A.B. asks: 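Okay, handing you the structure first.
Chain identifiers are assigned alphabetically (A, B, ...) following the order of the sequence lines, protein sequences preceding nucleic acid strands; residue numbering begins at 1 within each chain. Given the structure is predicted, the values throughout are model-derived calculations rather than measurements.
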Protein chains: 2
Amino acid sequence: MAQSNPPFMSGVPELLLLQLLNEQEMYGYELVRSIKTVTRDAISLGEGVIYPVLHSLERNGSLKSKRKAVGGRTRVYYTLTRKGGARLEKLQDDWRRIQGGVATALAGSANA
Amino acid sequence: MAQSNPPFMSGVPELLLLQLLNEQEMYGYELVRSIKTVTRDAISLGEGVIYPVLHSLERNGSLKSKRKAVGGRTRVYYTLTRKGGARLEKLQDDWRRIQGGVATALAGSANA
DNA sequence: TGAAATACCTTTTAGTTCAAGGTATCCTGC
DNA sequence: GCAGGATACCTTGAACTAAAAGGTATTTCA
């Protein structure tokens, strides 16, 4: 039946979004540029990645959104729910675990 | 035409394999268990991940293999080529970049 | 008026990883 | 002498993620 676990590496886009939205509400287009800035260009995620993740997080109750008209354009602002906060903590833990795992491996013969 | 870049997070299995093989020659089954050990259980990759990566690395000239009969079983030992060494360095850099990127983002409002 | 930036979104394609299954040998205990 | 578990190789099929590209519409500014 092959019920796959989520690929162990994934969820970084999701992690970054939740992290930023935990600090302040933002809208999609803003998040696209924020991620680039905040990671000092190390990570650049296009709109085709951001919007689908945003929508799925809202669907599962991790985010809530609010439309605001600014000038003539509409912006959709997102904020974390309590569930989103829990999700963020889980993803942070996951990340630290695998980051630590890779670091240990890389330390193998290196410098030291 | 959508000529995709490899997903920015990927290549961690490849990185771990190359790293371990850079330290000493190993065979597939051994690598499966080594990765689990060396990452202190943070990362566990099955044979279905390891063998295909091994084969594709050999195909593109990053690894070379040598069969050895041990008892009645055959082991296929892999070692890095020069090209594999270069590939390892590239993946290490990639990893450090994205790791740094995520770290910067996570540092945002945290503890400090 | 026309190009670039802002702002939303979806669809298509490609790529990776996962679980599971398949073969065969060896060793241990019974 | 044979059953079961560990060793050792491998492939297949499904699931999931993320990348790229395209599509609409408005605003700003030259």
A.B. asks: Classify the nucleic acid contact of B:Gly46 as base, sugar-phosphate or nothing, counting any heavy atom under 4.0 Å across all strands shown.
C.D. replies: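 Answer is nothing: B:Gly46 stays at 4.0 Å or more from every strand.
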
A.B. asks: In whole angstroms, how far is the P atom of C:dT16 from the CG atom of B:Leu91?
C.D. replies: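 Answer to the nearest Å: 11 Å.
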
A.B. asks: For C:dC8, does OP1 or OP2 lie under 4.0 Å from any side-chain N or O of A:Arg67?
C.D. replies: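 Negative; the distance criterion is not met.
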
A.B. asks: Would you say B:Tyr27 reaches D:dC9's phosphate, i.e. side-chain N/O to OP1/OP2 under 4.0 Å?
C.D. replies: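 No, B:Tyr27 has no side-chain N/O under 4.0 Å of OP1/OP2 on D:dC9.
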
A.B. asks: Any side-chain heavy atom of B:Gln92 sitting closer than 4.5 Å to one from B:Leu88?
C.D. replies: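 They are in side-chain contact.
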
A.B. asks: Please confirm whether the shortest side-chain N or O distance from A:Tyr51 to OP1 or OP2 of C:dC9 is below 4.0 Å.
C.D. replies: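 For A:Tyr51, the contact criterion (side-chain N or O under 4.0 Å from OP1 or OP2 of C:dC9) is not met.
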
A.B. asks: Give a yes/no answer on whether the side chain of B:Arg75 brings an N or O atom under 4.0 Å of OP1 or OP2 in D:dA8.
C.D. replies: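 Answer is yes, contact under 4.0 Å.
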
A.B. asks: Please report, rounded to the nearest Å, how far the P atom of C:dC9 is from the CZ atom of A:Arg59.
C.D. replies: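 Checked: the CZ to P distance equals 12 Å.
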
A.B. asks: I need the CD1-P distance between A:Ile50 and C:dA7, as an integer number of Å.
C.D. replies: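 Value for this atom pair: 15 Å.
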
A.B. asks: Which comes earlier along DNA chain C counting from the 5' end, the contact point of A:Arg73 or that of A:Leu54, where each point is its nearest nucleotide?
C.D. replies: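 Nearer the 5' end of the strand: A:Arg73.
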
A.B. asks: I want to check one thing: is the phosphate of C:dT6, taken as OP1 and OP2, less than 4.0 Å away from some side-chain N or O of A:Tyr29?
C.D. replies: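 So the side chain of A:Tyr29 is within the cut-off, an N or O lying under 4.0 Å from OP1 or OP2 of C:dT6.
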
A.B. asks: Does A:His55 have a side-chain nitrogen or oxygen under 4.0 Å from the phosphate oxygens OP1 or OP2 of C:dT10?
C.D. replies: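 It does, given that an N or O in the side chain of A:His55 lies less than 4.0 Å from OP1 or OP2 of C:dT10.
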
A.B. asks: To the nearest Å, how far apart are B:Glu14 CD and C:dT16 P?
C.D. replies: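 Interatomic distance, CD of B:Glu14 to P of C:dT16: 8 Å.
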
A.B. asks: Measure the distance from CD on A:Glu58 to C1' on C:dC9 and round it to the nearest whole Å.
C.D. replies: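 Distance check: A:Glu58 CD to C:dC9 C1' gives 14 Å.
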
